[in-house]
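Input: a single structure, listed below in structure tokens.
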Amino acid sequence: MKLEICSFSGHKIYPSKGKTYTFRFINGKSESYFLQRLNPRKIRWTVIYRRLNKKGITEEIAKKRSRRTVKHERVVAGVSWDAIRAKRNQKPDARAAARQAAIAKSKDAKKAAAAVKKTTAAQSTQNVKVSKQGAKGFAPKAAATSR
């Protein structure tokens with residue numbers, strides 16, 4: 001036994017009951033309201049209205065319990081948890097001093113790299129061969145004459 005659902009009211013239509021066109025209606029009343037283009041959400045006896053306005057709910061549905069987020073202490077890639085904990089427990093001024101030392105170290109390394117680059121650039125310019133024409137420079141072009 002297949003039950004249909006009314007296109008307007010949302011009620012169940014049992015076999016051999018109701019009217020069927022392209023839409024299915026349980027009775028003339030719902031067909032008439034449908035043809036009048038009335039909104040079933042505003043008509044109190046329709047299933048849609050009762051669902052929207054929470055009518056006829058006999059059982060209190062228990063609230064859905066939301067899961068509490070659990071904090072896990074995870075290891076960061078390449079650093080053990082003990083090392084992270086030790087850094088966290090350091091005094092702020094000790095951490096600042098270590099940070100300044102690290103910055104100074106990186107700056108020194110950068111300066112050394114720049115110096116090496118400068119010396120290699122100076123050596124490479126000495127070894128460059130220059131043609132006679134290049135040494136003399138190029139002849140300036142004749143000035144364009146305007147009409």
Side-chain angles (χ1 to χ4, degrees), residues 1-130 134 138 140-147:
M1 176 171 88
K2 185 179 180 193
L3 297 179
E4 303 291 341
I5 293 177
C6 178
S7 299
F8 182 79
S9 66
H11 289 106
K12 293 176 187 170
I13 303 173
Y14 287 90
S16 78
K17 303 292 179 192
K19 292 182 176 181
T20 304
Y21 306 110
T22 49
F23 299 102
R24 300 181 192 326
F25 301 106
I26 193 163
N27 54 18
K29 178 178 166 183
S30 44
E31 180 190 355
S32 171
Y33 281 1
F34 180 82
L35 293 173
Q36 290 174 50
R37 295 181 182 267
L38 294 179
N39 191 345
R41 292 183 202 95
K42 293 181 180 176
I43 296 173
R44 292 179 170 235
W45 52 267
T46 61
V47 172
I48 299 165
Y49 175 92
R50 295 182 69 79
R51 272 198 201 123
L52 282 174
N53 295 290
K54 298 179 177 69
K55 303 290 181 187
I57 300 171
T58 53
E59 295 177 14
E60 275 293 321
I61 300 168
K63 284 187 177 180
K64 288 183 180 177
R65 283 187 278 165
S66 60
R67 288 183 156 231
R68 285 233 173 115
T69 54
V70 180
K71 290 187 178 180
H72 292 288
E73 295 176 341
R74 294 192 178 139
V75 179
V76 179
V79 184
S80 68
W81 178 240
D82 296 327
I84 294 171
R85 193 177 286 142
K87 239 185 191 176
R88 191 184 284 173
N89 293 336
Q90 271 183 350
K91 296 242 188 279
D93 53 340
R95 283 180 82 178
R99 188 166 179 264
Q100 291 297 330
I103 290 170
K105 185 180 176 185
S106 69
K107 280 185 179 178
D108 291 340
K110 206 173 195 180
K111 280 183 184 176
V116 168
K117 191 174 180 183
K118 204 173 195 180
T119 56
T120 56
Q123 287 174 356
S124 64
T125 54
Q126 291 173 357
N127 298 336
V128 174
K129 291 184 179 179
V130 180
F138 61 91
K141 289 186 179 177
T145 56
S146 60
R147 293 182 190 178

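In this chain, numbering begins with 1 at the start of the sequence shown.
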field: side chain to side chain contact (heavy atoms under 4.5 Å, CB included) between Y49 and L52, intermediate numbers included
entry: CA-CA 5 Å; Y49 175 92; L52 282 174; 5.9 Å; no
Taking the side chain as everything from C-beta on, heavy atoms only, tell me whether [X] gets closer than 4.5 Å to [Y].
| X | Y | value |
| --- | --- | --- |
| S7 | Y21 | no |
| I48 | S9 | no |
| V47 | H11 | yes |
| T46 | Y33 | no |
| S32 | Q36 | yes |

Which heavy atom of [X] sits nearest a heavy atom of [Y], and at what distance?
| X | Y | answer |
| --- | --- | --- |
| T120 | K117 | OG1-O, 2.7 Å |
| L3 | K12 | CD1-CD, 3.8 Å |
| I13 | I26 | CD1-N, 3.8 Å |
| K2 | P15 | O-CG, 3.9 Å |
| I43 | L38 | CD1-CB, 3.8 Å |

When rounded to the nearest 0.5 angstrom, what is the spacing between [atom1] in [X] and [atom2] in [Y]?
| X | Y | atom1 | atom2 | value |
| --- | --- | --- | --- | --- |
| R88 | R95 | CZ | CZ | 9.5 Å |
| M1 | S16 | CE | OG | 10.0 Å |
| K19 | F34 | NZ | CZ | 13.5 Å |

query: Would you say the side-chain atoms of N53 pair up with the backbone N or O of K55, donor to acceptor, closer than 3.5 Å?
result: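 Between the backbone of K55 and the side chain of N53 there is no qualifying donor-acceptor contact (under 3.5 Å).
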- request: Check for a donor-acceptor pair, side chain of D82 on one end and backbone N or O of R85 on the other, with a separation under 3.5 Å.
  value: no
- request: Return yes when atom CZ of R44 has more than 12 non-hydrogen atoms of other residues, nucleotides or ligands closer than 6.0 Å, and no otherwise.
  value: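 Counting other residues, nucleotides and ligands, CZ of R44 stays at 12 neighbours or fewer.
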Worked verdict on F23 versus E31 for side chain to side chain contact (heavy atoms under 4.5 Å, CB included): CA-CA 9 Å; F23 299 102; E31 180 190 355; over 6 Å; no
